[in-house]
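Just so it is clear: chains get the letters A, B, ... in the order the sequence lines come, proteins before strands, and each one is counted from 1. All heavy atoms count here, side chains included; hydrogens, waters and symmetry mates do not.
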There are 2 protein chains.
Amino acid sequence: MNLKDFRYLLAVAEYGHFGRAAQACGVSQPTLSVQLRKLEEQLGVALFERDRKAVVPTSACERLIGHVRAAVAEVDAILAAARDLCDPLAGRFRLGIIPTLAPYLLPLVFAPLHEALPTLLLEPWEDQTLTLLDRLRAHELDAALLATEVDGSEFTSQPLFDEPFLAALPPEHPLTAREVVAEADLAQDVLVLADGHCLREQTLAACGQSGALGGTLRAASLSTLLSMVAAGYGTTLIPGLAAGTAQDMGIVLRPLHECTGRTVRLVWRSSFPRRAAAEAVGQVIGDRLRGFAKAAAHRV
Amino acid sequence: MNLKDFRYLLAVAEYGHFGRAAQACGVSQPTLSVQLRKLEEQLGVALFERDRKAVVPTSACERLIGHVRAAVAEVDAILAAARDLCDPLAGRFRLGIIPTLAPYLLPLVFAPLHEALPTLLLEPWEDQTLTLLDRLRAHELDAALLATEVDGSEFTSQPLFDEPFLAALPPEHPLTAREVVAEADLAQDVLVLADGHCLREQTLAACGQSGALGGTLRAASLSTLLSMVAAGYGTTLIPGLAAGTAQDMGIVLRPLHECTGRTVRLVWRSSFPRRAAAEAVGQVIGDRLRGFAKAAAHRV
DNA sequence: CAACCTGATAGGCAAGGCCTATCGGGATGG
DNA sequence: CCATCCCGATAGGCCTTGCCTATCAGGTTG
């Protein structure tokens, strides 16, 4: 029971002539004769009444031919859809992004991505690292932008750019007097994000445990944290791309003595079949951001 | 591009497991692996992401799978329809019948045909011999009941029963005095049907050209002819099965001296693929009518 | 570390799709 | 009336391909 046989059937029904139908199908006339006879045997139904003058579909054939046409049309639809889908750089691309990166990075890369990969339909999804990894595992995301290393063979990752951290200080803070701030000097009054944000762990690792509000404040977003800093409740580390936003809030920024920072990576399942799409996305983001993060930091 | 491949695809999508899908399809697991990989190459699209833990459809696959389901469903519909159609004794059977036979024969055979061939959907079509043959040629009829021989190899025919003619006389006609009427005696005032009715030619052949109204009367139906006879305008020959109707109109019937009659045949295209259905129909009609026509004539 | 599970791969067999060449039988035409 | 043509069926052979069993590779589990 081959699909071609159905095409043969339609051709013979259309032309009423084995020879011409065979020509239209690109096969020889005996092929059509044999295949159609086989089809008739398999279906247990005579499909055509052969006559010296003409080949006429039987009434049974006419009852079937609608379904045959529909089946062939569906298969053609499959082929057409596959042709559209066969470009790995086209179609949906569900990209997870961590919250401390999304609002600052997305506006920068959306246009370049659309320009470089016009057929790629980017669908950003903002969540914390572990959630993003779970969604990657569940095939609910195609790739994710993270700021942590991912080990194991389950995922493949591509470093895109290094993003330096900056010390974020209230305008009246004593450390604003310095050109460069040492990470350890922030430990006294550093504020951190809630559990689950990789920036929280990175900040604590660089500065040490906060003495003041660190234990009680559970800022769910960098935006909240910046407001707290701007209001003078403490200091924090911010990623370079957030520099502009922080300054707009009146926060004073300073480079860090040990140049602490993070590496933004694109991560996807090792078995992800559209590796080409992932790498292309990574390429565009990397090209746009390499240097930009550092420049943003230096503009302080 | 084989249909089975689509079934394999659906099975793997359903089970998320090559081994179980293979079992469901009744093939080995390597078969599925190979065939699906081929399908992926042919479509140019990765359909599944293989992982040690799970086999997950790609987003491309999810876009295609609706069409795949539809295509497979259509093919299944073809198979199901073919199973229903594969009985040659089932389905429409378009049966042509000449007008001098139809109103008398049909009421007798309709019930027996339905009883003997309950799945056969009889569609009677009343027309004159030549028109019926044209419609047979055009595949617009499956078979026809005629009262003439059909020569050539184009058609195959099966004699069903012999139908004697009877002399039909007005009540006051001189010939009513005889027990048996000679065909030639009717010649003087015999009335015949219009051109195209085989009964016209058969009557003229038996009795000779009509002297009286024969030239001007163009009765389109046996019913008209009988009314004319009943009204005393002339005589005619009627087929045996019309005896009851004629007597109800007050017409006097007499057997013919030379037992002139006609043979009713079932005729179909020699290439007609449902020969079995035609022969079965002929069998039922023959069984019902053999003897009946003669009995009707003798009851006069 | 051994056993097991799962999908991929290799090799071989048999079915079957397709080809060319030819047949058979009816229509056509000089 | 015979030669020719047309058209579908048939025969024989080639080669693809679908399927099998056996095995591999890599990961998980007891």
For this session: Would you indicate which nucleotide in C/dT9, C/dG7, D/dG8 comes nearest to any side-chain atom of B/P30?
Result: C/dT9
Exercise. Considering only heavy atoms from C-beta outward, does the side chain of B/T148 approach that of B/Q202 to under 4.5 Å?
Worked result: yes
For this session: Can you tell me the distance, in whole Å, between the CD atom of A/Q29 and the P atom of C/dA21?
Result: 14 Å
For this session: Let me know the distance between CG of A/D5 and C1' of C/dC18, rounded to the nearest Å.
Result: 12 Å
Exercise. So, is A/K38 close to the C/dG16 phosphate, meaning a side-chain N or O under 4.0 Å from OP1 or OP2?
Worked result: no
Exercise. Considering only side-chain heavy atoms of A/V27, which listed nucleotide, C/dC19, C/dT6, C/dG7, is closest?
Worked result: C/dC19
Seminar exercise, completed: Against the side chain of B/S33, the closest entry in D/dG27, C/dC18, C/dT9 is C/dT9
Exercise. Considering heavy-atom distances to DNA chain D, does A/S153 or B/T31 have its closest nucleotide positioned more toward the 5' end?
Worked result: B/T31
Problem set entry | Candidate nucleotides D/dT10, C/dC18, C/dG7, ranked by approach to the side chain of A/V34 - the nearest | D/dT10
Seminar exercise, completed: Regarding the side chain of B/R37, the nearest nucleotide among C/dT6, C/dA8, C/dT20 is C/dA8
Exercise. Is there a side-chain contact between A/F6 and A/V75, using heavy atoms and a 4.5 Å cut-off?
Worked result: no
Problem set entry | Minimum-distance nucleotide to A/S28 side chain [options: C/dC19, D/dG18, D/dA9] | C/dC19
Exercise. Would you say the side-chain atoms of B/S33 and B/Q29 include a donor-acceptor pair closer than 3.5 Å?
Worked result: yes
Exercise. Is the distance from OP1 or OP2 of C/dC5 to the nearest side-chain N or O of B/H17 less than 4.0 Å?
Worked result: no
For this session: May I ask you to say what A/Y8 touches in the nucleic acid, namely base, sugar-phosphate or nothing, with a heavy-atom cut-off under 4.0 Å?
Result: sugar-phosphate
